[in-house]
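Presented below is the structure to which this report refers.
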Amino acid sequence: MSKIIQVKDRLSDLVIEWYRSHGREGLPWRKNITPYKIWISEIMLQQTQVKTVIPYYLRFIKTYPTFNSLILASEDQIIALWSGLGFYRRAKNIYNAKEQIKNSFNKKFPDNFDDLMSLPGIGESTAGAIMSIAYNKSYPILDANVKRVLGRYSNVTKESASKKNKVLWEISRKETPVNNVFDYTQGVMDLGSTICKPKDPLCAQCPIASICDSAFTIIADSSKKEKIKKDKSQVNINFTLAHTDNEYLLFKRNEKTFWEGLWLPSEQPKIHKIFKKKSCGEVHINRKHKLTHLDLNMSITLLRYNNSFDINSNSEYRWVKKIDINNVGMPAPIKKIILEI
DNA sequence: AATACGTGGTA
DNA sequence: TTACCAAGTAT
């Protein structure tokens, strides 16, 4: 007599099977995969939605299709391709990682976890994503999608944030299969994105509902509500934008705070006085712009000139032609203002 | 451990 | 309008 043993379905098996018939199609970084392209896509996708990333990814890969083609790129060129995407440190990290690969890894993009982790901008989740997606090696990831899927699956929503993270990493490690990691990793992210959504998850269509501790009983996560709301700090910036009919005078921002390395109108009052003497037209505008952690109150003085001119300045500056605007790294609100002139 | 770091979409 | 949040990492 043989006993029939009821084996509980494995999460990874269900996810892999579901992914093969229901995974998202048409994501550009899933075509003609190379480790380099997975790297670029994973960096762009950090804290950034797929829909937002797609045009930036396509433009970046069109400009630099291979790692080799990126070798000679300057930091400015890479930041320019990031213009408008946000979290610009990521672009600097790509430049610095590229330099490290060039100088320490013999120009060969790493194929192991430890070398990937040594690169700036690559943490455990991104390294895991590159290992599993580009190399089909069994490494776990823990992005927002996986956090949500596994958090509901194992019902660990009530833990404190740091403990929850630790627990979820353990679960992710445990559930990540040895084989077919590529399909599992993509699948669990697609599941989080299309079925196990933050709001109104579609449990009725979910392939893991039968083994999910929270299926059909998703309760809003209350752990965040008790946070004390601090007023966001207000930051005032006075810009002066000197411009002709078709050129703009921009300065590279060196502050170690926001928008580091991007090109902006002048923030130096001393220069503003000199500017005004020669100007043949002056307009003031005010704009508010919200960053994650602070509110920017921008005051911009537009000074019109007939011709561009040289200035005495310690900081790096350049006159940018209107048609070259897309080749310069600028924050979204600054580019918007310039395009309105 | 908590915070800095962008932007656009959604309710 | 305000508030939250999305393929996280570095400090």
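The chains referred to below are lettered A, B, ... by the order of the sequence lines, with proteins before strands, and numbering in each begins at 1. We use all heavy atoms of the structure for the numbers below, so side chains are in, but hydrogens, waters and symmetry mates are not.
With hydrogens and angles ignored, a donor-acceptor pair closer than 3.5 Å exists between the side chain of Thr292(A) and the base of dG6(B). Side-chain atoms of Thr48(A) come within donor-acceptor range of the base of dG6(B), with a qualifying N/O pair under 3.5 Å. Side-chain to base pairing of Gln47(A) with dG8(C): one donor and one acceptor N or O lie within less than 3.5 Å of each other.
Taking 4.5 Å as the limit, every side-chain heavy atom of Leu250(A) sits out of range of all side-chain heavy atoms of Leu264(A). Proximity of Gln77(A) to Thr63(A): side-chain heavy atoms (C-beta onward) are nowhere separated by under 4.5 Å. Residues Phe239(A) and Ile337(A) fail the side-chain proximity criterion, which asks for heavy atoms closer than 4.5 Å.
Residue Arg24(A) is the one, among Asn93(A) and Arg24(A), whose nearest nucleotide of DNA chain C lies closer to the 5' end (criterion: closest heavy atom). Along DNA chain C, the nucleotide nearest Lys290(A) and the nucleotide nearest Asp143(A) are compared for position; the residue whose nucleotide lies closer to the 5' end is Lys290(A).
Nucleotides dA7(C) and dT10(B) are separated by 14 Å at their P atoms, to the nearest Å. When the C1' atom is used for both dA6(C) and dA1(B), the distance is 23 Å, rounded to whole Å.
Between Glu124(A) and Arg173(A) there is a salt bridge, with a side-chain nitrogen of the basic residue lying less than 4.0 Å from a carboxylate oxygen of the acidic one. In summary, Asp213(A) and Arg152(A) do not engage in a salt bridge, as defined by a charged side-chain N under 4.0 Å from a carboxylate O. Residues Arg30(A) and Glu25(A) are not paired through a salt bridge, judged by the lack of any N-O separation under 4.0 Å between the basic side chain and the carboxylate.
A pairwise comparison of heavy atoms in Val328(A) and Ser83(A) identifies O-OG, 3.6 Å as the closest pair.
Of all the residues in residues 116-133 of chain A, Leu119(A), Pro120(A), Gly121(A), Ile122(A), Gly123(A), Glu124(A), Ser125(A), Thr126(A) reach under 4.0 Å from DNA chain C with at least one non-hydrogen atom. Of the residues in residues 77-90 of chain A, those lying under 4.0 Å from DNA chain B by heavy-atom distance are Gly84(A), Leu85(A), Gly86(A), Phe87(A), Tyr88(A), Arg89(A).
Heavy atoms of other residues, nucleotides or ligands lying less than 6.0 angstrom from CG of Asp200(A) number 12 at most.
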